[in-house]
S.K.: 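Before I ask anything, let me first share the structure, which is written out below as structure tokens.
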Protein chains: 2
Amino acid sequence: MTSVRPIRLLLADDEHLIRGALAALLALEDDLLVVAEAATGPEALAMARAHAPDVAVLDLQMPGADGVKVATSLRAELPACRVLIVTSHGRPGHLKRALGAGARGFVPKTVSAQRLAEIIRTVHAGNRYVDPELAADAIAAGDSPLTEREAEVLEYAADGAPVAEIAERAALSQGTVRNYLSSAASKLGAENRHTAVRLARERGWV
Amino acid sequence: MTSVRPIRLLLADDEHLIRGALAALLALEDDLLVVAEAATGPEALAMARAHAPDVAVLDLQMPGADGVKVATSLRAELPACRVLIVTSHGRPGHLKRALGAGARGFVPKTVSAQRLAEIIRTVHAGNRYVDPELAADAIAAGDSPLTEREAEVLEYAADGAPVAEIAERAALSQGTVRNYLSSAASKLGAENRHTAVRLARERGWV
DNA sequence: CGCTGCACATGACAAATGTCAGAAACCCCG
DNA sequence: CGGGGTTTCTGACATTTGTCATGTGCAGCG
């Protein structure tokens, strides 16, 4: 008997083209078997419950719930399922959040399919794998200097909402909100809250 | 002789994983031949010059120069080369710009590889193809209601710069700048200039 | 020509935002 | 326990931003 039980995979990515192509390429590897595909966060969760894959390969950006949220849920529901996050444009902070959510691997889409297959095996074996370049970025960017409240308020401010609305949603006084925004902006070296939001986004801190 | 001259393709996408997977899938089609790949805009241009492909499949978002810019250059240098733009998240305005730049096709990455192959053939035959859903979005979004100056000022405001800086860069008084921002915001139905910038971005008007 | 509509431009005023000094609550460590 | 530091929170003040009334010039039209 040369046949070994293959590694069962769940593939989640909102771009059908990529997902399909990926499935085809990974299928070329003898020891990998794609058992389920999903296009959204909730769908990925449902598929995972139904098929209990060995490894879930999740895109970071998906409609419904992003890869990190899915990873968190999977951690609770299917502890045996290893999570590997794949992303187009890696923001340093996302890496940290992903690892915090129990992801075992984090790679950019710039790797080759061959390499991805190897990484899937690595993760399945119980080891971790983080793309070296992303790791370097994450270390360079460091930890978020923002306090919990600062981050919360920045999040509310993200879509350009006026302070009054932020204050209401965060149950704070307007003055306090302005204060948090101000200190967040100065910590990030931004002139105003809007550039602060942009910077925090880039570093993955919101 | 059953062999027909295949359609020669150039594939340009900054994500190696996707590009490689795509190349593999398209290679399965008898009549398609990937003759060159590129990861950046300039690289795509160089490759096109070197290999003179029949169809160039370009990602919209690439480092260096985006798909539309590449399309413009190709139009001038290699008029025989049909351009097909592929994008992850289609903004209505981009479609218009792409067609204006001479692109013959515009599709989201949510199509299947099979479908993409058909579309490549369609485009190669000299016809145009635009994804119906994106077309509907573009029609719904309509033309930009912004005047030249309004768009210019919004562009400067895009990265959160204060009005004073925008005024200097646009060689206008601060009052005038605020005026344009204000009218642009009201045209877009936004509360303030920052959400206006976001909306204009989403519709591809900046 | 005179009128209308529109893009472009400005400054004055009102509203929203950013900055500051400081107070209460909390945590950590000696 | 007590003191040093940090987070959370507030109001007062200065600055920035948004709104409005208004003016100019230009293109199309009766």
Side-chain angles (χ1 to χ4, degrees), chain A residues 93 96-97 100 141-206, chain B residues 93 96-97 100 141-206:
Chain A
K96 200 178 162 107
R97 280 201 305 135
D143 278 6
S144 169
L146 304 176
T147 69
E148 205 175 322
R149 279 282 187 286
E150 283 166 354
E152 182 190 351
V153 170
L154 252 199
E155 189 119 28
Y156 286 135
D159 52 357
V163 171
E165 192 180 320
I166 301 171
E168 195 177 349
R169 288 210 268 174
L172 292 175
S173 90
Q174 299 195 11
T176 307
V177 168
R178 288 198 297 253
N179 209 316
Y180 284 140
L181 289 173
S182 180
S183 75
S186 88
K187 280 178 182 175
L188 295 171
E191 288 286 315
N192 55 45
R193 65 200 169 107
H194 302 286
T195 56
V197 166
R198 194 165 48 78
L199 290 173
R201 278 263 164 84
E202 283 173 12
R203 294 168 166 70
W205 290 337
V206 293
Chain B
K96 203 178 157 95
R97 281 201 305 135
D143 277 7
S144 171
L146 304 175
T147 69
E148 203 175 325
R149 279 282 186 288
E150 283 165 354
E152 181 190 353
V153 169
L154 253 198
E155 189 120 27
Y156 286 136
D159 52 355
V163 171
E165 192 180 320
I166 300 170
E168 194 176 349
R169 288 210 268 175
L172 293 174
S173 91
Q174 298 195 11
T176 306
V177 169
R178 289 200 291 264
N179 206 304
Y180 283 140
L181 290 174
S182 182
S183 76
S186 88
K187 280 178 182 175
L188 296 171
E191 288 287 313
N192 54 47
R193 66 202 169 106
H194 302 285
T195 56
V197 166
R198 195 165 47 79
L199 289 173
R201 280 261 165 85
E202 282 173 13
R203 293 166 165 73
W205 289 338
V206 293

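In what follows, every chain begins at residue 1, and chains take the letters A, B, ... in the order their sequences are listed.
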S.K.: Within the distance-only criterion (no hydrogens, no angle test), does the side chain of A:Asn192 pair as donor or acceptor with the backbone N or O of B:Gly160 below 3.5 angstrom?
M.R.: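 Pair found, side chain donor or acceptor close to backbone of B:Gly160.
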S.K.: With heavy-atom distances below 4.5 Å as the criterion, would you say the side chains of A:Glu202 and A:Arg198 are in contact?
M.R.: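 A side-chain contact under 4.5 Å exists here.
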S.K.: Any side-chain N or O of B:Thr147 less than 4.0 Å from the OP1 or OP2 oxygen of C:dA7?
M.R.: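 No, because none of the side-chain N or O atoms of B:Thr147 sits under 4.0 Å from OP1 or OP2 of C:dA7.
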S.K.: Just the endpoints, please: which first and last nucleotides of DNA chain D, 5' to 3', lie under 4.0 Å from a heavy atom of chain A?
M.R.: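 Footprint of chain A along DNA chain D, 5' to 3': D:dT7 to D:dA12.
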S.K.: Taking the side chain as everything from C-beta on, heavy atoms only, tell me whether A:Glu150 gets closer than 4.5 Å to A:Lys187.
M.R.: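 Side chain of A:Glu150 against side chain of A:Lys187, heavy atoms only: contact under 4.5 Å found.
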S.K.: Indicate the atoms forming the closest heavy-atom contact of A:Gln174 with A:Val163, along with that distance.
M.R.: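 For A:Gln174 and A:Val163, the tightest heavy-atom pair comes out as O-CG1, 3.8 Å.
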S.K.: For a 4.5 angstrom cut-off between non-hydrogen side-chain atoms, does A:His194 reach B:Arg193?
M.R.: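 Of all side-chain heavy-atom pairs linking B:Arg193 with A:His194, none is under 4.5 Å.
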S.K.: 5'-most contact on DNA chain C: B:Gly175 or A:Val163, nearest heavy atom basis?
M.R.: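 Closest to the 5' end, via its nearest nucleotide, is B:Gly175.
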S.K.: Decide yes or no on side chain to side chain contact (heavy atoms under 4.5 Å, CB included) for B:Trp205 and B:Leu154, but give the supporting numbers first.
M.R.: CA-CA 10 Å; B:Trp205 289 338; B:Leu154 253 198; over 6 Å; no
S.K.: Could you walk me through whether A:Leu172 and A:Tyr180 pass the side chain to side chain contact (heavy atoms under 4.5 Å, CB included) test, one step at a time?
M.R.: CA-CA 11 Å; A:Leu172 292 175; A:Tyr180 284 140; 3.9 Å; yes
S.K.: Answer yes or no: is there a donor N or O on one side and an acceptor on the other, between the side chain of A:Asn179 and the main chain of A:Ser182, under 3.5 Å?
M.R.: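 Answer holds: no.
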S.K.: Using a heavy-atom cut-off of under 4.0 Å over every strand shown, decide if A:Thr176 touches base, sugar-phosphate, or nothing.
M.R.: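 Base, at least one base atom sits under 4.0 Å.
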S.K.: For DNA chain D, which residues in residues 178-195 of chain A have a heavy atom at a distance below 4.0 Å?
M.R.: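 When residues 178-195 of chain A is checked for heavy atoms under 4.0 Å from DNA chain D, the hits, listed by number, are A:Arg178, A:Asn179, A:Tyr180.
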